[in-house]
Protein chains: 2
Amino acid sequence: MAKGTTIRDVAARAGVSISTVSRVLNGFTSIAPDTSERVRDAIEALGFRPNRLGRSLKAARTHTIGVLVPSLRNPVFADCVAGIQIACAVAGYSVLIASSDYDAERERAAVETFLSHQVEGLILTVADADDSRCLDALDEAEAPYVLVYNQPCGPRPFVSVDNVAAARAMVERIVALGHRRVGMVAGRFLQSDRSRLRHEGYRAALADAGLPSGPLVEVDFADTRLAQHLAHHMTTADPPTALFGSNDMVALAVIRALRDLGLSVPDDVSVTGFDGVEIGALVSPSLATLVQPSRALGEAAFARLLDQLAGNPAGEPSLLAFTFRPGESLGPAPTRAQPQRGHAAC
Amino acid sequence: MAKGTTIRDVAARAGVSISTVSRVLNGFTSIAPDTSERVRDAIEALGFRPNRLGRSLKAARTHTIGVLVPSLRNPVFADCVAGIQIACAVAGYSVLIASSDYDAERERAAVETFLSHQVEGLILTVADADDSRCLDALDEAEAPYVLVYNQPCGPRPFVSVDNVAAARAMVERIVALGHRRVGMVAGRFLQSDRSRLRHEGYRAALADAGLPSGPLVEVDFADTRLAQHLAHHMTTADPPTALFGSNDMVALAVIRALRDLGLSVPDDVSVTGFDGVEIGALVSPSLATLVQPSRALGEAAFARLLDQLAGNPAGEPSLLAFTFRPGESLGPAPTRAQPQRGHAAC
DNA sequence: AATGTTCATGAAAACGTTTTCAACCCGTCA
DNA sequence: TGACGGGTTGAAAACGTTTTCATGAACATT
């Protein structure tokens, strides 16, 4: 296709009008068999590829959605996007993608761009689904969207697991193994409402068990000095025997940091994650975690969006089931006889 | 913006023609200050957002690129896409994304879709850059593109590391540690020309050292029965003492499989990877690997594409530097006294 | 006072489609 | 034979922009 073959060229070559070409392209009305064939030949010969800009402009349908996630570098989002892609490919939708890096301003910018592209809908994970300028913008523009991973209190459509219940389930398992002092290492609450909700579940589970909340360490998502932060809490008189990571990436970093501190997982400290990224099962010690069905979440989000596009009302809450995945990183609480210290020498 | 505010509405409200609105929007020609302000007010009041379809159609510029990778679930690609996204955001480009799942037919389909969207260029990783229908299609359409990770023999523009040299460097380090029998676990050659090139480097390094090539295990990317395949090779009379994985995901799976076989890494068998995905540094044993600058590759690919779009000629080869990252998975060859067997009992 | 020059603006064409409307050709039915 | 109807087709409008061209006004130059 020599850089700009248009429907007009096809029409000329086939000796018909552009209307006819358009018709064989979209094929709803009846056309004479030989005409159809001539047109098809011309299309083939010229390597004609319809220009979606023209088509979309006229038809007011782009068959394109926008997907916004905090970062593709967290496998949980990459997996979800993969799910979305699969569903989109099947349904004939294209995907515009952007990452916010957990930043509200970049969320805004991305949404703005998506809207100018006339996407038919959006799937997104935002920092805070109950207080989000970009979601306000979407509401005002009356643009269909579905949140994924976010679990707002408000009426916004979302697909996720029940974060509070899931975190609670996780912590209950920790407690059941005899741990009495359980800390949490969480992604920044301001950057992740999920982190906040999981903390809520964590506290509830501990409260139910009559246990105090352990230390809470809030960390940035790409924090390289995690060991230092942890050291502070692990060298007290009564350090936690288990740490609940608000997501798998955090949990894996925690395990690494503990090892750097000379602590053994799970012999000295147990660590659990949240998300169920595939890699957690491959590492050693394997990561005990709470599995979200990431790919299914993506697919469900898209299905939900299609529903909205079809004009169906919002529908039910869309909470998907989570599961627990056991792993070597979670063991019974160590006997209290000899609390471990951070460094052998002191 | 009430679902369809157009430049015409803005013009009407501001009491000017649409040409004038367009001009303040794009702002190259001079306009009277008060006119400009009135228009700007109208835009603000109506929440007007220019429709890119119209704009792109007329201007023949979409400011959009297409990105095609085998799978976002492999962090090496996710990282690269993240790099592309950063560069795109800076340059004001939008990103259409698709995954091929290592399948040539899906590569075709994705490229076809991208072209119909009138992307200005593409960045892609294909199964085989020297024999690819989808690249042929791009060449024929005269669409600008840059390969990333692929390293074709032919004249196609690419950005990557030198796979052969990098694999060779990796294997030289293995050999330097006393390993005499080095196997390779590789992604399917048909699905990954990188895998093929790395195998080439592996063989060259062994040949240089006067060593025979060890067993080669080709695996699918989502192979769950890796342990079975490996068992076959690890239970011979003279099993390899080191395994070179063609990428980090494979290497991590190998480590896991070896553990399932009752073998210790690195005491019984050393394992190395290729890619340098972040997670490899977090796991235990940490993965010795050859680091590709994935994010930089993405950024460089986009820079290169921009160059092409600006009409600059192809330019130099674009081979980025790789580095070696040590890790616990690679140790000295075990003394040959007592070759390990797969299972304790037999 | 006549003639340029510049500046600000509007009218209209154009981008590549889809879609409405009308027209034509043919055969069928009364 | 004349009206009717279905099956095919074309002409032209429309989608929301950008851009060319033309116009008029204000101003400076002779």
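In what follows, every chain begins at residue 1, and chains take the letters A, B, ... in the order their sequences are listed.
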Touch class at under 4.0 angstrom, heavy-atom based, for B:Arg52 against every strand present: nothing
Pair A:Glu299 + A:Arg295: basic N to acidic O under 4.0 Å: yes
Sugar-phosphate only, base, or nothing, as touched by B:Ser22 at under 4.0 Å among non-hydrogen atoms: base
Polar side chain donor-acceptor pair, A:Ser132 to A:Asp136, under 3.5 angstrom: no
Full working for side-chain hydrogen bond (donor to acceptor under 3.5 Å, both in side chains) between A:Ser36 and A:Arg40: CA-CA 6 Å; A:Ser36 171; A:Arg40 231 171 281 279; 2.9 Å; yes
Touch class at under 4.0 angstrom, heavy-atom based, for B:Ser19 against every strand present: base
B:Tyr93 and B:Glu120 side chains, donor-acceptor separation under 3.5 Å: yes
Residues within residues 27-41 of chain A bordering DNA chain D, heavy-atom distance below 4.0 Å: A:Ser30, A:Ile31, A:Ala32, A:Thr35
Upstream residue (5' side of DNA chain D) when B:Leu57 and B:Arg23 are each assigned their closest nucleotide: B:Leu57
Donor on one side chain, acceptor on other, A:Arg304 and A:Asn312, under 3.5 Å: no
Heavy-atom side-chain contact between A:Pro144 and A:Leu305 under 4.5 Å: yes
N-O pairing of B:Glu105 and B:Arg133 below 4.0 Å: yes
First encountered from the 5' end of DNA chain C, between A:Val21 and B:Thr20: B:Thr20
Span of DNA chain D, from the first to the last nucleotide whose atoms fall under 4.0 Å of chain A heavy atoms: D:dG7 to D:dG16
Given B:Val111, B:Val126, B:Leu122, the one that forms side-chain contact (heavy atoms from CB on, under 4.5 Å) with B:Leu135: B:Val126
